[in-house]
Amino acid sequence: RRVTLSAECEAVAWDPHHGERLTAAAEDGVVSCWDVRKMDKVLWSLVAHEGGTNGLDYNRHVPGLMTTCSIDKTVALWDASCTKAAAPVQVASKEMGGGRLFSVSFYPSDPWLLGCGGDNNLLCLWDLREEMHVRKNFPDVGAAVAAVEEVGGEKKEKDFEAMMAAGQQATATAAALETKEKVGSKKKRNKKKKKAPKKR
């Protein structure tokens, strides 16, 4: 089975909550979705960005929450919990400060965190826990996630914080070791310079 896109394909993603739906992002900014059981007709299609849409992902914890990123330097969040031919509705958009964006992904074990990367050699994080209007757009799911977080969320949050802290500690340790090696190497060079040559 094949379908023709409006422009060159930049990204594809399966909807984890609707296994039959395959979504594609194109170079002209258009994002389209098909039911792979009947690909002769597009399920929905929309212009997600003014520039090319390079990244696309679905949130595995929050049904309907889709994200896209673009060379227009923004990440957009969409409510894709649509039925039949209704296209997703944008619920938020943010310029991430990472230049033109080429990739975006939701964090696998936290429903409210995503990361993206751009052409300024930067990775950017967006903590959606601070975006209450986004969470309110998915009220039922928000309540379900909150219930799960009450049971195991504290451990998940601690695990995430521990991972981030460990990464910072590893970076600091590596920097300290590099500095120590440089100092040691400099001392050795100075010793060699000060050492007088042996007389024969």
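Side-chain atoms are counted along with the backbone in the values below, which use heavy atoms only and exclude waters and symmetry mates. Everything numeric here is computed off the predicted structure, so don't read it as measured data.
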Tell me if a side-chain donor or acceptor on Asn54 pairs with a main-chain N or O of Leu101 at a distance below 3.5 Å. yes
So Trp44 and Pro88, do their side chains get closer than 4.5 Å, heavy atoms only? yes
Indicate yes or no: at least one non-hydrogen side-chain atom of Trp126 is less than 4.5 angstrom from one of Val104. no
Is a side-chain donor or acceptor of His18 paired with a backbone partner of Pro63 at a separation under 3.5 angstrom? no
Applying salt bridge (charged side-chain N to carboxylate O under 4.0 Å, His left out), can you list everything that pairs with Arg1, at least two apart in sequence or on another chain? none
Looking at Ser70 and Gly52, would you say the former's side chain and the latter's main chain have a donor-acceptor pair under 3.5 Å? yes
Would you mind reporting whether Ile71 and Phe102 have side-chain heavy atoms less than 4.5 Å apart? yes
Working for side-chain contact (heavy atoms from CB on, under 4.5 Å), residues Trp78 and Leu56: CA-CA 11 Å; Trp78 305 86; Leu56 167 69; over 6 Å; no
Common cluster, Met39/Leu5, ILVMFWY with side-chain heavy-atom separation under 4.5 Å: yes
Tell me if a side-chain donor or acceptor on Asp119 pairs with a main-chain N or O of Gly99 at a distance below 3.5 Å. no
Under 4.5 Å between any side-chain heavy atoms of Leu114 and Leu77, yes or no? yes
Run the side-chain contact (heavy atoms from CB on, under 4.5 Å) check on Val36 and Trp14 step by step: do they pass? CA-CA 10 Å; Val36 296; Trp14 293 93; 3.7 Å; yes
Where do Arg60 and Phe106 land on the side-chain contact (heavy atoms from CB on, under 4.5 Å) test, with the steps shown first? CA-CA 8 Å; Arg60 68 183 68 183; Phe106 283 107; over 6 Å; no
May I ask you to decide if Pro108's main-chain N or O and His61's side chain share a donor-acceptor pair within less than 3.5 Å? yes
Verify side-chain contact (heavy atoms from CB on, under 4.5 Å) between Thr23 and Trp34, making sure each step is shown before the conclusion. CA-CA 6 Å; Thr23 308; Trp34 288 265; over 6 Å; no
